[in-house]
Every structure is written in C-alpha cells, then in structure tokens.
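To start, the structure under review is shown below, and the notes come after it.
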Amino acid sequence: MNTNNKSEFKAIQSGNSLKVIHISGKAGMEMPLHHATKEVVVIVEEGIGILTFEGKKHQLQKGDHFIIPAQINHSLVLKTDFKATGVMLLDSTIEFE
C-alpha cells in the first residue's frame with residue numbers, strides 16, 4: 001500500500017456545534033490507524049475504500065454514508081481515488097495512533 005502520500009483531512013466549514021471536513025486520497029493509499037474523539041458521519045462522494053474497525057471490513061463507495069463510533073480505532077484502504085465529507089461535533093478531533 002502507498003503510505004508515502006498522506007491523505008487529507010481538512011476542515012471546510014464550521015457552525016455553532018458541527019464542523020464539516022473534507023477527506024481525500026489517491027488509489028492505493030492507506031489511511032493509518034486513527035480515531036475521532038466523538039462520532040463522525042462519513043458521506044462518500046467519489047471512489048471506493050475499505051474501512052476496517054473492530055475486526056470487520058466495510059466497503060464504502062460513492063453515495064454511501066457511515067457513522068464511525070467515537071474512540072474506535074479504524075483505518076481506510078483506498079481502492080480508487082477517494083473523496084468524502086465528514087460531519088462531526090466542533091470539539092471533536094482526529095487522533096492518529
């Protein structure tokens with residue numbers, strides 16, 4: 001897997017209690033093990049990725065949405081170029097292991 005090119009997590013909009021982040025990466029990349037301090041809703045805009053957490057693999061593709069629980073370590077392997085939007089509480093952070 002290509003781990004040299006880092007995936008991008010970029011805040012693009014904030015409200016009073018929520019923020020929207022842009023998640024993107026190139027085919028073959030693996031987003032390393034990480035977790036969010038609070039729940040995150042992920043909406044896939046483009047591509048295919050395999051989300052792994054708690055020993056289970058979940059294929060995510062364009063049009064899918066998924067709630068990732070708080071404090072659960074997970075990784076994402078990108079099968080194709082990938083773009084998604086994440087919605088999370090304003091005070092939530094993403095922490096890499």
Side-chain angles (χ1 to χ4, degrees):
M1 286 298 127
N2 180 1
T3 57
N4 293 330
N5 296 325
K6 292 185 178 181
S7 55
E8 179 179 297
F9 292 91
K10 180 180 176 184
I12 57 174
Q13 190 172 13
S14 296
N16 291 329
S17 60
L18 298 173
K19 63 183 168 186
V20 177
I21 61 171
H22 178 73
I23 305 160
S24 64
K26 298 288 185 186
M29 290 178 63
E30 183 173 352
M31 296 181 185
L33 201 59
H34 62 283
H35 68 270
T37 55
K38 308 243 172 114
E39 280 184 330
V40 180
V41 177
V42 176
I43 302 129
V44 181
E45 299 168 21
E46 178 183 311
I48 299 172
I50 305 299
L51 176 70
T52 303
F53 70 93
E54 296 185 322
K56 296 180 183 171
K57 295 180 186 271
H58 306 271
Q59 181 171 301
L60 302 179
Q61 60 191 27
K62 183 179 178 178
D64 287 348
H65 54 277
F66 199 90
I67 297 174
I68 301 173
Q71 302 293 336
I72 299 294
N73 286 329
H74 56 279
S75 64
L76 182 66
V77 175
L78 303 181
K79 298 298 184 184
T80 65
D81 289 358
F82 188 85
K83 291 182 184 176
T85 298
V87 179
M88 57 200 308
L89 290 172
L90 198 56
D91 64 346
S92 181
T93 59
I94 297 171
E95 299 176 352
F96 288 87
E97 296 300 307

To the nearest 0.5 Å, tell me how far Thr80 OG1 sits from Lys62 NZ.
11.0 Å
With His22 via ring pair (Phe, Tyr, Trp, His ring centres under 6.0 Å) - residues at least two apart
none
So His65 and Val44, side chain to side chain contact (heavy atoms under 4.5 Å, CB included) or not? Walk me through it.
CA-CA 6 Å; His65 54 277; Val44 181; over 6 Å; no
Any donor-acceptor pair under 3.5 Å linking the side chain of Thr37 with the backbone of Thr93?
yes
Residues in ring pair (Phe, Tyr, Trp, His ring centres under 6.0 Å) contact with His58, at least two apart in sequence or another chain:
Phe53, Phe66
Quick one: does Glu30's side chain get under 4.5 Å of Leu78's, heavy atoms only?
no
Asn73 (side chain) donor-acceptor with Leu33 (main chain) under 3.5 angstrom:
no
Is there a path of hydrophobic side-chain contacts, each under 4.5 Å between heavy atoms of I/L/V/M/F/W/Y residues, joining Val40 to Ile72?
yes
Do Leu18 and Met88 have side-chain heavy atoms sitting under 4.5 Å apart?
no
Partners passing side chain to side chain donor-acceptor pair (under 3.5 Å) against Gln13 (at least two apart in sequence or in another chain)
none
Determine whether Met31 and Ser75 make a side-chain contact, defined as any pair of heavy atoms from C-beta on separated by less than 4.5 Å.
no
How long is the straight-line distance from CD of Glu95 back to CD of Gln71, given to the nearest 0.5 Å?
6.5 Å
Pairs flagged by salt bridge (charged side-chain N to carboxylate O under 4.0 Å, His left out) wherever residues 9-21 is involved - sequence neighbours left out:
none
Would you please test Val42 and Ile68 for side chain to side chain contact (heavy atoms under 4.5 Å, CB included) and show each step?
CA-CA 8 Å; Val42 176; Ile68 301 173; 3.8 Å; yes
Is there a side-chain contact between Ile21 and Ile94, using heavy atoms and a 4.5 Å cut-off?
yes
Which residue in the set Ile48, Val77, Leu76 passes side chain to side chain contact (heavy atoms under 4.5 Å, CB included) when paired with Phe82?
Leu76
State yes or no: do Ile23 and Phe96 share one hydrophobic cluster built from I, L, V, M, F, W and Y residues joined by side-chain heavy-atom distances below 4.5 Å, directly or via other members?
yes
Can you list the residues that meet the side chain to side chain contact (heavy atoms under 4.5 Å, CB included) rule with Asp91, with sequence neighbours excluded?
Lys38, Leu89
Residues forming a ring pair (Phe, Tyr, Trp, His ring centres under 6.0 Å) with His35, sequence neighbours excluded:
none
Can you find a pair of side-chain heavy atoms, one from Leu51 and one from Lys57, that are under 4.5 Å apart?
no
Nearest 0.5 Å, what's the NZ-CD distance between Lys83 and Glu45?
8.0 Å
